[in-house]
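Shown next, in C-alpha cells, is the structure this report addresses.
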Amino acid sequence: MDYRKDGHDILLKQADFDLDETLDCGQAFRWEKISDNTYKGAFLNKGLVISSEEEKGIFRLHDTNESDLLEIWAEYFDLYTDYGELKRRFSEDSTLAKACGYAGGIRILKQDRWEALSSFIISQNNNIPRIKGIIGRLCEHYDGYPSWQEMKDETAESLAYLRSGFRAKYLVDAVAKISSGEIDLDEVAKMDIADARKTLQTIKGVGPKVAECTLLFGFYRTEAFPMDVWVKRVMANWYPNGLPECTKGAEGIAQQYLFHYIRTSGAFEEI
DNA sequence: GGCCAGGCTTCAA
DNA sequence: TTGAAGCATGGC
C-alpha cells in the first residue's frame, strides 16, 4: 500500500485502478459521479469521496484517515489483490487479453452481503439507470442503505414508493428468511459454493444470476460466474466450449472484464 | 412508441 | 426437464 497524508485527505498510488471502470460498471449501484474525476459513495454507510488526480495512478481519498484506508477502503477496493498478475494470467486467452486491455482498471468491489443480495434482487430484468433510481430512493428513505433488520416491518405495499415493481415482494421474502434465521448469511459465507448457491436460491426472486452476483460481489467468491444477457452473448460467441483454463478460480473477475468489454466497447456490434 | 433491461416464477407439456 | 408466458416499470 503506497500512500501519504495530504491535509485531511490521503493520496494513494494504485495501479490497475480506474474509477469509471470500477465504480460505474454495474457491480455497485450507489456511486455517484459528482464531477469529471470524482465519485461519492459509501460502504456500510461510511461515506467516501474519491478522485483521480492528474497524475496517472494517483487517487485522492477525501476527508479520511490511515486506519479507514487500511481497514475499510483497501479491503473494499480489493487493493490487496494483484490485478496486474490476474490480467497477465487471463491474457493467455486472446479475447480476455482484449477485454483486459480495453478496461484494465476494473477491480471487484468487496461489498456488504445484504446490500449485494438485495441490490441484485432489484437488478433482475431491469436496466442499470433504473436500478440506481430504485436503490437511491431506498437509501434516501433510510438515510443510508438499510440493514435487513431495519427492513423487518416492510411489506410489498410499504415499499411501493420504490417503484420496484414485482421485485418488492422478493425483497420482503429475503428479509423474512434472514430475520427468521432460516438463512444465516454468516453461515452462507462458510458454505462450499454449491450449498451457498442452493441456499440463496431458496429466496423468492433469487435464481442463478442473482445468486452468482451475490456470491461474487457480496461474499468475494471469485469462482462465482454471473451470466446475464451480455455474458451469455460472450459465451455464445467467444467461448462455445466454456471458459479457458486460465480463468480457473477467478472466473468472476474475468467475467467482469468480459461483461464491460462486450457491453461498452462496440465489440458486440462487430460480431 | 416499441423494445428491452446484470431474470425469476409459474404453469404447461 | 425444458419451454414459454407473465411480470412492473421506465430508459432509450
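Every chain is numbered from 1 and lettered A, B, ... according to where its sequence line falls, protein lines coming before strand lines. Side chains are part of it too, since the values below use all heavy atoms of this structure and drop only hydrogens, waters and symmetry mates.
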* So which of residues 102-118 of chain A are in contact with DNA chain B, with a heavy-atom cut-off of under 4.0 Å? -> none
* Should the pair A:R197-A:E212 be classified as a salt bridge under the 4.0 Å nitrogen-to-oxygen rule? -> yes
Between [X] and [Y], a side-chain donor and acceptor under 3.5 Å:
{"X": "A:S158", "Y": "A:E154", "value": "yes"}
{"X": "A:D36", "Y": "A:T38", "value": "no"}
{"X": "A:N126", "Y": "A:S123", "value": "no"}

Just how far, in rounded Å, is [atom2] of [N] from [atom1] of [X]?
{"X": "A:I134", "N": "B:dG6", "atom1": "CD1", "atom2": "P", "answer": "12 Å"}
{"X": "A:K204", "N": "B:dT9", "atom1": "NZ", "atom2": "C1'", "answer": "7 Å"}
{"X": "A:F225", "N": "B:dG7", "atom1": "CZ", "atom2": "P", "answer": "14 Å"}
{"X": "A:Q27", "N": "B:dG6", "atom1": "CD", "atom2": "C1'", "answer": "11 Å"}
{"X": "A:I203", "N": "B:dG7", "atom1": "CD1", "atom2": "P", "answer": "17 Å"}
{"X": "A:K232", "N": "B:dA5", "atom1": "NZ", "atom2": "P", "answer": "11 Å"}
{"X": "A:E251", "N": "B:dG6", "atom1": "CD", "atom2": "P", "answer": "23 Å"}
{"X": "A:Q201", "N": "B:dC8", "atom1": "CD", "atom2": "P", "answer": "7 Å"}

Which part of the nucleic acid does [X] contact within heavy-atom distance under 4.0 Å: base, sugar-phosphate only, or nothing?
{"X": "A:V231", "answer": "base"}
{"X": "A:Q256", "answer": "base"}
{"X": "A:G26", "answer": "base"}

Please state the [atom1] separation for the pair [N] and [M] - nearest whole angstrom.
{"N": "B:dG6", "M": "C:dG3", "atom1": "P", "answer": "24 Å"}
{"N": "C:dA8", "M": "B:dC11", "atom1": "P", "answer": "14 Å"}
{"N": "C:dC12", "M": "B:dG7", "atom1": "P", "answer": "16 Å"}
{"N": "B:dG1", "M": "C:dC7", "atom1": "P", "answer": "23 Å"}

* **Close aromatic pair by centroid cut-off 6.0 Å: A:F120 and A:F29** => yes
* Asked: So, for A:W238 and A:Y261, is the gap between ring centers shorter than 6.0 Å?
  -> yes
* Sugar-phosphate or base contact per nucleotide [nucleotides 7-12 of chain C; S, B, -; heavy atom under 4.0 Å] -> BBBBSS
* To do: Check the geometry between A:W230 and B:dG6 and answer yes if their rings are stacked (centres below 5.5 Å, planes below 30°), otherwise no.
  =>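 Not stacked by the 5.5 Å and 30° rule.
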* Asked: Checking A:R233 against A:F268: charged group under 6.0 Å from the ring centre and within 45 degrees of the axis?
  ->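 Verdict for A:F268: a cation-pi partner in A:R233.
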* Which ILVMFWY residues can you reach from A:I34 by hopping between side chains whose heavy atoms are under 4.5 Å apart? ->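 Cluster partners of A:I34: A:V49.
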* State which residue, out of A:K132, A:K33, A:H260, fulfils the side chain to side chain donor-acceptor pair (under 3.5 Å) condition with A:D24. => A:K132
* Any idea how A:W73 and A:W31 line up, ring-wise: parallel (<30°), tilted (30 to 60°), or perpendicular (>60°)? -> perpendicular
